[in-house]
Protein chains: 2
Amino acid sequence: MTIAAPRTASGTTNTHDPCDDDCGIRDVLDRLGDRWSVLVVVELTKGTRRFHELHRAIPGISQRMLTLTTRRLMRDGMVQRTVYPTIPPQTDYRLTTMGRSFSAAIASLADWSRQHKSAIASSREQWDADRPARNDL
Amino acid sequence: MTIAAPRTASGTTNTHDPCDDDCGIRDVLDRLGDRWSVLVVVELTKGTRRFHELHRAIPGISQRMLTLTTRRLMRDGMVQRTVYPTIPPQTDYRLTTMGRSFSAAIASLADWSRQHKSAIASSREQWDADRPARNDL
DNA sequence: CTGAATCCCCACGGATACTG
DNA sequence: CAGTATCCGTGGGGATTCAG
């Protein structure tokens, strides 16, 4: 997502530091935000994967985005890359200790998601049925 | 984010259904993905809030995005809105039961985020220091 | 005070072609 | 195999204005 720092420096003088609420969460949210990071992490939870293995395991991801996603996860210290200078080349991706810790954190969220999937879906249906004409959100 | 369903129907016949991994998580990820949903939910965890209270509590959010975010959260059944037809008008936002459940789920993620904030930051510094010329990711 | 409507920028990300 | 480079469409979201 690449959230630029709050630009206007909050004109209304806030009594409590907003950083108490969101600061720090941003770092994680920026990873969850893009389309692929979580999927890559989940796939790597199953074990070490090569580039094309990740590519096959994650339907729809382009080579470009797989490269960008792994790079960003490496930068955040979630993923470790090992290159074997063979011919043809081989590179292994695996979760770091922090990466596994992160995957555990999102696993609970995934559980919640599965448990409430139908409830969310029905809530949306209800909403959409009640206002068919509106094209907001 | 509005993730379109996996388009190519996985040309390479995958042995295991990719939907086992991501399906269902998407619904939640689409909420976490945007810049503001989580912040709004976290703020509402503290209690019922009026529109301008949310606006002040969440630095940087525009009126437009606050409206869109609350609407989407309402559609997902996370937030309930109460309008008092006074003059000037007053509207209260509060979490539903599912909304509170959701906030509990992301609370653990927020904890993880705070605990690893410095580790992530230092990892990024390390990365950026090692390759100053690269402008990827 | 609580929005709705409009304009518009730009970052995310897909498609494609090229390289070691 | 494992990327890199380039072009380009789409939509998320900021700024601003109008309305009840």
Side-chain angles (χ1 to χ4, degrees), chain A residues 1-12 29-40 48-74 79 81-93 131 133-137, chain B residues 1-8 11-12 29-40 48-74 79 81-93 131 133-137:
Chain A
M1 301 197 79
T2 324
I3 309 297
R7 67 257 52 185
T8 48
S10 70
T12 56
L29 255 43
D30 287 359
R31 286 302 108 248
L32 289 173
D34 62 64
R35 274 185 76 166
W36 305 113
S37 292
V38 171
L39 283 314
V40 170
T48 300
R49 291 288 185 271
R50 299 180 55 170
F51 186 86
H52 84 277
E53 287 176 330
L54 283 174
H55 197 199
R56 280 187 305 117
I58 305 174
I61 194 172
S62 61
Q63 284 191 353
R64 167 184 153 82
M65 289 318 298
L66 181 53
T67 300
L68 284 178
T69 302
T70 51
R71 286 289 186 282
R72 289 195 272 243
L73 289 173
M74 288 165 63
V79 166
R81 186 173 79 133
T82 311
V83 181
Y84 302 96
T86 58
I87 294 182
Q90 171 175 350
T91 71
D92 285 356
Y93 295 91
R131 53 203 76 200
R134 312 284 300 181
N135 63 336
D136 43 9
L137 45 137
Chain B
M1 301 199 78
T2 326
I3 309 296
R7 68 256 51 183
T8 49
T12 57
L29 253 42
D30 287 357
R31 287 299 111 250
L32 290 173
D34 62 66
R35 276 185 72 168
W36 305 112
S37 292
V38 171
L39 283 314
V40 170
T48 299
R49 291 287 185 272
R50 300 181 53 174
F51 186 85
H52 84 279
E53 288 176 329
L54 284 174
H55 196 199
R56 279 188 303 118
I58 305 175
I61 194 172
S62 62
Q63 285 191 350
R64 167 184 153 81
M65 288 319 297
L66 181 53
T67 301
L68 284 179
T69 302
T70 51
R71 286 290 185 282
R72 289 195 271 243
L73 288 172
M74 288 165 63
V79 166
R81 188 173 77 132
T82 311
V83 181
Y84 302 97
T86 58
I87 294 182
Q90 172 175 348
T91 70
D92 285 355
Y93 295 91
R131 54 203 76 197
R134 312 283 301 181
N135 63 335
D136 43 11
L137 46 137

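Keep in mind that this is a model prediction, so the values were computed, not measured. Numbers restart at 1 for each chain; the letters A, B, ... are given by sequence-line order, proteins then strands.
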Specify the separation, in whole Å, of atom [atom1] of [X] and atom [atom2] of [N].
| X | N | atom1 | atom2 | answer |
| --- | --- | --- | --- | --- |
| B:Arg56 | C:dC1 | CZ | C1' | 12 Å |
| A:Leu66 | C:dC12 | CG | P | 17 Å |
| B:Arg35 | C:dA11 | CZ | P | 12 Å |
| B:Arg49 | C:dC1 | CZ | P | 16 Å |
| A:Ile87 | C:dT19 | CD1 | C1' | 14 Å |
| B:Trp36 | D:dG13 | CH2 | P | 9 Å |
| A:Met65 | D:dT4 | CE | P | 13 Å |
| A:Ile61 | C:dC12 | CD1 | C1' | 13 Å |

Indicate yes or no: at least one non-hydrogen side-chain atom of [X] is less than 4.5 angstrom from one of [Y].
| X | Y | answer |
| --- | --- | --- |
| B:Asp92 | B:Arg50 | yes |
| A:Leu68 | A:Arg71 | no |
| B:His55 | B:Ile61 | yes |
| B:Thr82 | B:Thr48 | no |

Rounded at 0.5 Å granularity, tell me how far [atom1] in [X] sits from [atom2] in [Y].
| X | Y | atom1 | atom2 | answer |
| --- | --- | --- | --- | --- |
| A:Leu29 | A:Asp34 | CG | CG | 11.0 Å |
| B:Met65 | B:Ser37 | CE | OG | 8.0 Å |
| B:Tyr93 | B:Thr69 | OH | OG1 | 10.5 Å |

If you restrict it to nitrogen or oxygen atoms, what contacts under 3.5 Å exist between nucleotides 1-3 of chain D and the protein, and what is each distance?
from	atom 1	to	atom 2	distance (Å)
D:dC1	O3'	A:Arg50	NH2	3.1
D:dC1	O3'	A:Pro89	O	3.4
D:dA2	OP1	A:Arg50	NE	3.0
D:dA2	OP1	A:Arg50	NH2	3.1
D:dA2	OP2	A:His52	N	3.0
D:dA2	OP2	A:His52	ND1	2.9
D:dG3	OP1	A:Arg81	NH1	2.2
D:dG3	OP2	A:Thr91	OG1	2.8
D:dG3	OP2	A:Tyr93	OH	2.5
D:dG3	N7	A:Gln63	OE1	2.7
D:dG3	O6	A:Gln63	OE1	3.3

Could you pull out the closest heavy-atom pair between B:Phe51 and B:Gln63, with the gap in Å?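 Here B:Phe51 and B:Gln63 meet closest at CZ-O, 4.0 Å.
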Taking the axis from the first five pairs and the axis from the last five, what angle separates them in the helix from C:dC1-D:dG20 to C:dG20-D:dC1, rounded to 10 degrees?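 If I round to tens, the end axes sit 40° apart.
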